[in-house]
Amino acid sequence: MASDDGLQGKVAVITGGASGIGQALAVAYARAGANSVVNYFPGDDHDVQETVRAVEAEGGKCISLPADVSSEDDCRAMAQAAIKEFGRLDIAVAAAGILRRNPLSEMDDEAWNSMLDVDLNGVLRTFKTVAEVMTDGGAMVATSSIAGGVYGWEEHAHYAAAKSGVLGLCRSLAVELGPRGIRVNSVIPGLIESPQSLDAKNSLGKEGLDAAGSGIPLGRVGSVDECARAIRFLTSDDSSYVTGQQLIVDGGLTVRWPS
Ligand code: NAD
């Protein structure tokens, strides 16, 4: 039976689509009949062709291009690529992000500003430029985090500030773009196994993730596919009356009574 989630034939721009949650999302869209434009960040070693191949294996189409969300022009180039290649742009997901560990004593302007420039300002640039060409009735989702979105995290004040800021940004754009029928929501991922969380220097690393899993009500960390499918829901007709909201995708981590 054909799906009624409204994603068939839609086109999505996904920042951070060369790896992790963004990559899983491009594949999730392909399964739903939606095509995508993803970026790769030239400073990172992710192979964006992995995303393209995985999408094609599902019968979808995926255009990749280099883009840095620190540049408004690069963000606009992603939106324009959707129009040029597919003739429309219906969905934007800001999944690009960085994570750095900096104790307060080392939190200088450079560390603070470079984090916010990607994790907060990058979302603004993405949504500002896609809004220029997005179909009325479209949908946007940004990735916040339980760090900032719910909890504090020592030695990550800049990351938490950026991820907290993402929530206010999305709520405000939900109001501003509502008259065009464009919905703007956030996801708040908990512990999701991905290149970012597997980085033991700046995040938990493999051992830290394994240890944390037992403290989560569902007994494990989440997969990028599980997070991607929650994002897909927020950009589908299944959430057509949901805007300005945050969906926590954490296996119950933030509702557990402290033990
Ligand atoms: P990831 O590191 O695989 O994905 C981040 C992507 O962003 C990478 O492809 C990277 O190349 C890209 N990127 C980095 N800097 C960029 C820039 N300046 N311009 C364009 N792209 C850039 O990790 P992930 O877990 O998939 O992260 C996706 C999003 O989810 C991030 O915003 C992250 O903060 C957020 N998040 C992840 C978790 C988790 O547990 N994995 C938890 C909470 C929030």
Side-chain angles (χ1 to χ4, degrees), residues 13-28 37-51 64-75 77-78 92-101 113-126 129 141-151 153 156 158-167 169-170 186-206 208-209 212-213 216 220-228 230-231 246-251 253-254:
V13 159
I14 307 168
T15 69
S19 65
I21 295 166
Q23 179 178 71
L25 183 60
V27 176
V37 174
V38 301
N39 80 300
Y40 59 94
F41 179 57
D44 287 343
D45 57 6
H46 303 301
D47 177 7
V48 75
Q49 289 309 315
E50 264 184 32
T51 305
S64 69
L65 70 167
D68 179 349
V69 296
S70 303
S71 155
E72 187 172 309
D73 286 347
D74 282 10
C75 292
M78 292 189 74
V93 178
I98 55 172
L99 177 61
R100 303 276 183 267
R101 181 184 298 278
N113 290 333
S114 59
M115 170 65 68
L116 266 76
D117 196 37
V118 175
D119 283 18
L120 178 57
N121 304 0
V123 179
L124 172 65
R125 292 186 193 98
T126 302
T129 53
V141 171
T143 49
S144 174
S145 170
I146 52 168
V150 180
Y151 292 137
W153 192 6
H156 293 83
H158 45 5
Y159 180 78
K163 295 300 188 181
S164 175
V166 162
L167 302 180
L169 169 62
C170 289
S186 318
V187 285
I188 301 183
L191 299 176
I192 306 294
E193 186 167 327
S194 77
Q196 182 180 92
S197 59
L198 287 167
D199 171 2
K201 180 166 174 261
N202 294 299
S203 186
L204 271 65
K206 179 72 177 142
L209 284 176
I216 296 172
R220 59 180 178 80
V221 300
S223 71
V224 290
D225 182 54
E226 288 174 308
C227 191
I231 296 172
Q246 303 89 45
L247 178 56
I248 301 179
V249 186
D250 72 346
L253 175 59
T254 53

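Ligands are counted one by one from 1 in listed order, and the atoms in each one are counted from 1 as well. We count residues from 1, following the sequence as given. Side chains are part of it too, since the values below use all heavy atoms of this structure and drop only hydrogens, waters and symmetry mates.
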Does [X], backbone or side chain, put an N or O under 3.5 Å from an N or O of ligand 1?
X    : result
S70  : no
L191 : no
V118 : no
S145 : no
I21  : yes
G97  : yes

Counting heavy atoms only, which part of [X] comes closer than 4.0 Å to ligand 1: side chain, backbone, both or neither?
X    : result
C227 : neither
Q196 : both
Y40  : neither
A96  : both
Q23  : neither
D119 : neither
S203 : neither

- Message: Can you confirm whether Y151 sits close enough to L253 that some side-chain heavy atom of one is under 4.5 Å from a side-chain heavy atom of the other?
- Response: yes

Would you mind running through ligand 1 and noting each atom that sits below 4.0 Å from a heavy atom of [X]?
X    : value
N39  : 20 (C), 21 (N)
P195 : 3 (O)
S194 : 23 (O), 24 (P), 25 (O), 41 (N)
G20  : 3 (O), 26 (O)
A67  : 19 (N), 20 (C)

Which protein non-hydrogen atom lies closest to [atom], naming both residue and atom, and how far is it?
atom                    : value
atom 11 (O) of ligand 1 : D44 OD2, 2.5 Å
atom 16 (C) of ligand 1 : F41 CG, 3.7 Å
atom 6 (C) of ligand 1  : G16 CA, 3.7 Å
atom 4 (O) of ligand 1  : S19 OG, 3.4 Å
atom 28 (C) of ligand 1 : A95 O, 3.1 Å
atom 15 (N) of ligand 1 : I98 CG2, 3.6 Å
atom 39 (C) of ligand 1 : I192 O, 3.4 Å
atom 32 (O) of ligand 1 : K163 NZ, 2.9 Å

- Query: So which of V224, V69, T126, I14 gets nearest to atom 19 (N) of ligand 1, if we judge by its closest heavy atom?
  - Reply: V69

